[in-house]
Amino acid sequence: MKNIIIFGAPGSGKGTYSDEIAKRYGMGHISTGDVLRSEIKNGTELGKIAQGYIDNGQLIPDQLMIDILASQYDSLPQGKGVIFDGFPRTTAQAEALKKMLAERGHDLGMMIELIVSEDVLMERLLRRAQIEGRADDNEETIRKRFAVYHSQTEPLSKWFAAEGIRHTFDWSICKTKEGMLEAIFQEIEKENR
Ligand code: ATP
Ligand code: MG
């Protein structure tokens with residue numbers, strides 16, 4: 001399987017769709033948000049550094065993220081394809097990912113972009129706050145994460161388009177999780193034929 005980068009705003013469903021894709025095709029899955037939250041929970045040095053950024057809705061510095069990503073990637077079984085969920089989030093991260101993969105004889109594969117309007121995102125994140133209790137899922141921090149997404153991450157969409165690997169899925173067209181998944185699965189299978 002080709003590698004897959006899942007790209008989208010906070011609350012767009014990156015984790016949910018990544019889980020479904022990983023299960024269906026037996027792929028590896030790296031969620032940088034989950035890695036950081038587990039470091040925080042375990043009280044590691046890295047967790048202590050990450051916490052301040054996450055609680056403020058800011059991104060963790062690129063070089064730190066790039067190192068974490070490479071070690072996660074190398075710890076996965078090779079040859080099945082990997083889903084990158086929440087990485088890259090900046091152009092520097094994207095360039096570093098491309099280089100890291102090339103050094104291992106691999107490539108970026110395909111990028112899947114999830115388009116969801118901001119009012120739907122806010123509604124979902126506030127609902128998730130009540131279920132999961134994530135510290136960064138409060139309205140003030142969510143607004144900061146949206147702003148960071150627009151300024152630092154969203155421009156990357158064009159970078160992927162220029163690489164010729166961007167595949168966009170729009171919630172307002174698919175309307176349901178099942179509809180989105182069906183469209184995504186079809187596209188993945190087309191790319192892997
Ligand atoms: P969702 O998982 O619902 O799409 P999200 O994208 O905001 O929402 P995560 O991907 O879990 O959530 O990330 C949570 C936080 O972890 C980010 O706000 C950021 O502080 C940090 N983080 C995660 N991935 C990266 C990354 N690639 N670069 C920098 N910071 C990151
Ligand atoms: Mg997530």
Side-chain angles (χ1 to χ4, degrees), residues 3-23 27-77 81-101 104 106 108-109 111-114 116 121-122 124-157 159-160:
N3 289 325
I4 297 177
I5 293 154
I6 304 271
F7 185 89
S12 58
K14 296 186 293 290
T16 307
Y17 296 116
S18 296
D19 286 340
E20 299 281 354
I21 297 166
K23 197 166 71 190
M27 299 174 71
H29 176 193
I30 302 173
S31 160
T32 46
D34 287 349
V35 171
L36 296 169
R37 281 185 289 276
S38 121
E39 296 284 334
I40 291 173
K41 200 169 129 225
N42 294 328
T44 66
E45 250 347 277
L46 173 58
K48 283 177 198 145
I49 298 171
Q51 180 145 37
Y53 292 100
I54 292 186
D55 289 351
N56 270 309
Q58 303 300 314
L59 298 181
I60 276 70
D62 283 334
Q63 195 52 54
L64 193 54
M65 281 317 301
I66 290 162
D67 294 343
I68 294 170
L69 201 275
S71 81
Q72 291 283 322
Y73 187 77
D74 289 331
S75 74
L76 287 173
V82 170
I83 303 166
F84 299 99
D85 159 11
F87 188 100
R89 269 173 147 93
T90 63
T91 309
Q93 290 181 14
E95 299 282 4
L97 178 62
K98 188 178 174 185
K99 179 161 167 276
M100 187 275 278
L101 290 168
R104 289 158 177 75
H106 305 165
L108 291 166
M111 178 272 219
I112 291 177
E113 179 172 41
L114 307 171
V116 184
L121 293 171
M122 181 57 89
R124 284 187 191 172
L125 290 167
L126 292 176
R127 199 173 337 120
R128 182 172 78 185
Q130 293 176 343
I131 301 164
E132 294 180 16
R134 251 174 67 172
D136 59 345
D137 281 346
N138 60 77
E139 189 160 350
E140 190 192 343
T141 311
I142 293 168
R143 296 256 173 246
K144 286 190 195 157
R145 285 155 62 201
F146 285 166
V148 166
Y149 178 75
H150 290 310
S151 64
Q152 301 188 56
T153 305
E154 206 173 25
L156 244 191
S157 173
W159 186 93
F160 286 107

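One is the number of the first residue; the rest follow in order along the sequence.
Among pairs with a residue in residues 3-14, none fulfils side chain to side chain donor-acceptor pair (under 3.5 Å), at least two apart in sequence or across chains. Pairs engaging residues 46-74 under the salt bridge (charged side-chain N to carboxylate O under 4.0 Å, His left out) rule: Glu45-Lys48, Asp74-Arg104 [sequence neighbours left out].
What you find for Ala94 and Pro88 is that their closest heavy atoms are N-CB, 3.4 Å. Closest non-hydrogen pair, Asp85 versus Ser18, comes out as CB-OG, 3.5 Å. Leu76 approaches His29 most closely through the heavy-atom pair CD1-N, 4.4 Å.
At least one side-chain heavy atom of Lys23 sits under 4.5 Å from a side-chain heavy atom of Glu20. Residues Thr32 and Ile68 have side chains not in contact (no heavy-atom distance under 4.5 Å, counting atoms from C-beta outward). Using a 4.5 Å cut-off on side-chain heavy atoms (C-beta onward), Thr90 and Met65 make no contact. Contact of the Ile6 side chain with the Ile21 side chain is registered, since non-hydrogen atoms from C-beta on lie closer than 4.5 Å. Side-chain contact between Phe87 and Ile66 is present, with at least one heavy-atom pair separated by less than 4.5 Å. Counting heavy atoms from C-beta on, the side chains of Arg145 and Leu125 come closer than 4.5 Å. Side-chain contact check for Asp19 versus Ile83: every heavy-atom pair is 4.5 Å or farther apart. In this structure, the side chains of Leu69 and Gln93 stay at 4.5 Å or more apart for every pair of heavy atoms.
Residues forming a ring-ring contact (aromatic ring centres under 6.0 Å, His included) with Phe7 (at least two apart in sequence, or on another chain): Phe160. Residues passing the ring-ring contact (aromatic ring centres under 6.0 Å, His included) test with Phe84 are Tyr73, sequence neighbours excluded. Every residue two or more places apart in sequence or in another chain was checked for a side chain to side chain donor-acceptor pair (under 3.5 Å) with Gln152, and none qualifies.
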Run Leu121 and Ile142 through side-chain contact (heavy atoms from CB on, under 4.5 Å) and show every step you take. CA-CA 9 Å; Leu121 293 171; Ile142 293 168; over 6 Å; no
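When the options Met122, Gln130, Arg128 are evaluated for a side-chain contact (heavy atoms from CB on, under 4.5 Å) with Leu126, the one that passes is Met122.
Between the CD atom of Glu113 and the CG atom of Leu156 there is a distance of 10.0 Å, given to the nearest 0.5 Å. Rounding to the nearest 0.5 Å places CD of Gln58 at 10.0 Å from OG1 of Thr141. Here CG of Leu108 is found 4.5 Å from CD1 of Ile5. Values are rounded to the nearest 0.5 Å.
Atom NZ of Lys144 is surrounded by more than 12 heavy atoms from other residues, nucleotides or ligands within 6.0 Å.
Ion pairing between a basic and an acidic side chain is recognised when a charged N comes within 4.0 Å of a carboxylate O; Glu95 and Lys99 show no such pairing.
A donor-acceptor pair under 3.5 Å is absent between the side-chain atoms of Ser157 and the main chain of Glu154, judged by distance alone.
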When the side chains of residues 34-41 are checked against the rest of the protein, which donor-acceptor pairs come out under 3.5 Å, sequence neighbours left out?
{"unit_1": "Asp34", "atom_1": "OD1", "unit_2": "Arg37", "atom_2": "NH2", "d": "2.8"}
{"unit_1": "Asp34", "atom_1": "OD2", "unit_2": "Ser31", "atom_2": "OG", "d": "3.4"}
{"unit_1": "Glu39", "atom_1": "OE1", "unit_2": "Thr44", "atom_2": "OG1", "d": "2.6"}

